[in-house]
Structures are given as C-alpha cells and as structure tokens.
Amino acid sequence: MLRGKTILLGVTGGIAAYKAAILCSKLVQKGAEVHVIMTESAVRFIAPLTLQTLSRHPVHLDTFDEQNPGAVTHIDLADRADLILIAPATANSLAKLAAGLADDMLSTTLLAATAPIIAAPAMNVHMYEHPATVANMETLGRRGVRFIDPGTGQLACGYVAKGRLAEPEDIVLAAERFFASRTLLAGKRLLVTAGGTVERFDPVRYLTNDSSGKMGFAIAEAARDMGAEVTVVAARTDVPAPGGVELVRVESAEQMLEAVLSRYAEADIVVKAAAVADYRPVERHASKLKKSAATLTLELEKTTDILAELGRRKSGQFLVGFAAETERLAEHAMDKLRRKNCDLIVANDVTMEGAGFGGDTNAVQVFDAAGPALSLPVLGKRETAERVLELVAARLGGAREEAR
Ligand code: CTP
C-alpha cells in the first residue's frame, strides 16, 4: 500500500521523537518516499542526521533555508505529499495547526498542504486532557485530521497514564489502512441519517432524545473519505456537520421519512444511525400551552418506522440499521434485523461504559442474517464508523462477485 507513496513526516519536540526514527525506517522499508520536517524542539531530542540517513533525503528544519532556487520548499513538500504524518504530535504542534499558525517550517508546510493528515499525539496525560488540547483536536478532527490514539503506559514524566506515542508499527498500519480505504466506496452513493428527531407539541416545546449525531456524522465522514458520495439527513445534533457531504436538515420523524424516501432510489447504501422518535404528540398546538391544571396529559401516536419502511421498499440498496439496547443485545438486534429487512444491524449496549449516547466512543457488535458478523471494542466513533463501512464494502464487493 505504501510503495511509491510520498509521505511527509513531521516530527515535533517530545521525548517520543526518538521513535520517529523507527517509524521513518519502517515507512521506507515499505517502499514509501519519506520527507522529514523537524521542529526546533524535535532537534533537541533526535539528530536530523538520523532521519536524513533513514529517509535518504535531507531533513527540513528552517523555512528560509532554501537550497533550490527553482522551488519554494515548503510549498513543494506540501504539494508532493500523498499523506502527512505528524509523529509525535505535541500539544503545541496541534494548537498551532488548529490556530493556523505558520511560524516554522513544519507549521508553514502544514498550512500550505491539502494532503490528508494523520497525527499521532504524545504528551503528558494532563496536557492531553486539557480542554484546550481537547478543543484543538476537535477542531482539527472536523477539518479532517485523523488521530492515532496515544497508548496508556509509563510516560516519560513519571505518570502511568494515557499519552504515549502509538507504536511505530501501529502508525504504519494506520497509513496503510488509510491508503487502502480511500477507494473502498468509490462510485457508491451513501445516505446516512444522524441525530435525534424533535417532535413538537407547541411552538417552543418538544420531545427529543439524547442522540448527539456524532455516530451518524462519523459514518458520513468515514464514507466521504472512502470515496463515497454522501448525503446526511440530520435531525437535532450537538456537533457541527462534516464538510464535503450533502447536508439535509430535518426536525421530526415525519420530515426525516420524507427526506430519506425521496433519496432512497438513488442510494446504494443507507445507514440509519439517527435516533428516531417512536411516538409523537398527536396534537401540535399553534400557541404556547398555558399552565392550568395540576397535571397535563400528552397523547402520543406512533411515528412511521423509517427503517422498516426502507426494508419493505428495498430494491438493491444495502441497508444498515442501528440498535441501541439495554439487555439481550444479540437477540433484540437479530429480531430488528429480520423485522426491518436490514442487511446489517449495528448494535450497542447503551448501558456499557464508552458505548452510550453523546460520547466520543462506541463499542458495537454487528449482525447479519446469519448472526454475529463483527465485534468491536471501545473505539472512537470515527474508527467504529470506518470498521463498519469496511464490512459494508466487503459485503458489496462480495455481492458483486456473486452476481458476475
Ligand atoms: N428507526 C426508524 N424509524 C423509527 C424508529 C427507529 O428508522 N420510527 C430506526 C433507527 O434509526 C435505528 C433502528 O430503527 O436504525 C432501531 O431503532 P429502535 O428505536 O431501537 O428500533 P425499534 O424497533 O423501535 O426498537 P424497540 O423495539 O426496542 O423499540
């Protein structure tokens, strides 16, 4: 996967910078052309000569050290990269990238680059968990920067906690998976729903649920990066929608039904990650309800089950449903899969730590008509989305092969 690929390796100044040598060596061994940029602080931890020898190219340190009058080095490096790896990525380097600073060779090149970026953070656990770092990573994540989670273990500062640079083998694997995944869904149209529906009973009051929209948006982002043409039908969400996708905003289950059905015929894959209200208020008052009696009874009626409707109308679409369960996960998930005529059901036990609504992680089990198809540990929602879509792509590929 890495043969012939140009990888720009940004090395920033943390103690884990020494591991960049192993990473660089492994990338070169896999056939990648590696160009290294080091920050001034990185040079305090590891000699540029080490990375020059391993990469077989000069290491770039200074924006103004222009050796070739025929090119502007930071632009040239930015343009040539198929992928940018930042390893280790310090809190400072992430902050600079998030803020768009360009005050050294690496930050200037990153600002000029349009290539995808994978960053492998490494820092003290409190720096990693600091709201500023968390916010910077969220900002970068929204712009498409991917992260390789740091590991938990002995940190150089003495703590035993999260913050160790991911192992070089895992960073290489992430780079390989990145290139492998880019075309997995090329030419496919994917429709995904996200968020929680809003069912109003007067102009300012409504029933909704805890869905944040993060899982649906993660599916949308991952599908986009796998080459799919993506439409997201999103109800109420807590997070901004990803770029590079068609976004259709809706509010209620009824509006979502309409938006999804009108786009169903053109879709190859439909993922129903939204938390759709099962019931809505029968009456929607035109003016704000006034309080009078001691109790108030709201009468609710069933909404249309969108997924079941899609299952009924299926004409070649690959249908993926979600199931949030609190008990007997496999049994309930399989029941939903059959009732709603899905190809896959992504089920999670919402009582489990790291798998509930609103968080940044999920732990899912995926079922197909034959039973368990994939079981994932607690992962970031983006990675969960990638793994699920890899399975979808494999199934679609298989289906095509059978048809031939
Ligand atoms: N769903 C839907 N339309 C609805 C309700 C649910 O499309 N009106 C979809 C969700 O988007 C999700 C799947 O159905 O993909 C599972 O949702 P859930 O509410 O757990 O399904 P139910 O069949 O309503 O499950 P339960 O019997 O547990 O209420």
Side-chain angles (χ1 to χ4, degrees), residues 1-63 65-68 70-90 93-94 96-97 102 104-122 140 144-148 150 164-183 225:
M1 282 325 299
L2 298 185
R3 189 153 298 282
K5 297 285 191 286
T6 301
I7 296 180
L8 183 62
L9 175 60
V11 183
T12 69
I15 180 61
Y18 77 93
K19 289 192 189 169
I22 307 164
L23 173 61
C24 180
S25 164
K26 285 186 183 299
L27 293 169
V28 172
Q29 281 170 35
K30 295 259 182 184
E33 166 147 337
V34 182
H35 295 275
V36 181
I37 302 179
M38 295 175 74
T39 63
E40 210 180 315
S41 324
V43 172
R44 302 231 183 176
F45 290 98
I46 176 170
L49 183 60
T50 307
L51 288 155
Q52 174 178 307
T53 310
L54 292 169
S55 70
R56 296 172 206 146
H57 289 291
V59 170
H60 304 275
L61 305 170
D62 179 358
T63 327
D65 182 21
E66 291 285 9
Q67 301 288 338
N68 174 7
V72 178
T73 311
H74 61 275
I75 304 295
D76 190 44
L77 285 171
D79 287 349
R80 280 163 63 191
D82 295 311
L83 173 68
I84 299 173
L85 285 176
I86 312 175
T90 57
S93 64
L94 296 175
K96 281 166 64 170
L97 184 56
D104 64 5
M105 182 62 180
L106 181 60
S107 53
T108 307
T109 307
L110 291 177
L111 206 58
T114 54
I117 299 175
I118 301 180
L140 294 172
V145 174
R146 295 125 188 278
F147 292 97
I148 306 176
R164 283 167 65 103
L165 179 69
E167 293 307 321
E169 293 76 14
D170 293 331
I171 301 174
V172 172
L173 207 65
E176 287 178 322
R177 277 187 51 202
F178 164 77
F179 284 115
S181 75
R182 285 185 97 183
T183 53
D225 293 342

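We use all heavy atoms of the structure for the numbers below, so side chains are in, but hydrogens, waters and symmetry mates are not. Along the sequence shown, residues are numbered consecutively beginning with 1.
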So, for [X] and [Y], which heavy atoms are closest and what is the spacing to 0.1 Å?
X	Y	result
Gly13	Thr39	N-OG1, 3.4 Å
Ala16	Ala122	CB-CB, 4.2 Å
Ala87	Ala20	O-CB, 3.7 Å
Phe147	Leu140	CZ-CB, 3.8 Å
Pro58	Gln52	CA-OE1, 4.0 Å
Ala115	Ala81	CB-O, 3.4 Å

With salt bridge (charged side-chain N to carboxylate O under 4.0 Å, His left out) as the test, would you mind laying out the steps for Lys26 and Glu169 before giving the verdict? CA-CA 8 Å; Lys26 285 186 183 299; Glu169 293 76 14; 3.7 Å; yes
Salt bridge or not between Lys30 and Glu176? Use side-chain N to carboxylate O under 4.0 Å.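 A salt bridge links Lys30 with Glu176.
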I'd like to check [X] versus [Y] (side-chain heavy atoms, cut-off strictly below 4.5 Å). Are they in contact?
X	Y	value
Ser55	Leu9	no
Val11	Pro88	yes
Met38	Pro48	yes
Leu61	Val59	yes
Val28	Leu54	no
Met105	Asp62	no
Glu40	Val43	no
Asp225	Ser181	no

Point-to-point distance, once rounded to the nearest 0.5 Å, from [atom1] of [X] to [atom2] of [Y]:
X	Y	atom1	atom2	answer
Asp82	Thr6	CG	OG1	5.0 Å
Asp76	His60	CG	NE2	8.5 Å
Lys19	Glu167	NZ	CD	4.5 Å
Ile7	Ile118	CD1	CD1	8.5 Å
Arg3	Lys5	CZ	NZ	11.0 Å
Leu27	Ile171	CG	CD1	8.5 Å

Donor + acceptor pair across side chains of Glu66, Thr73 (<3.5 Å):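 A donor-acceptor contact under 3.5 Å links the two side chains.
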Okay, side chain of Thr12, backbone of Thr90: is any donor-acceptor separation there less than 3.5 Å?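 Indeed, once roles are kept as given, a pair shorter than 3.5 Å links the two residues.
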Is the backbone of Ala21 close enough, under 3.5 Å, to the side chain of Ser25 for a donor and an acceptor to pair up by distance?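 Checked: no pair found.
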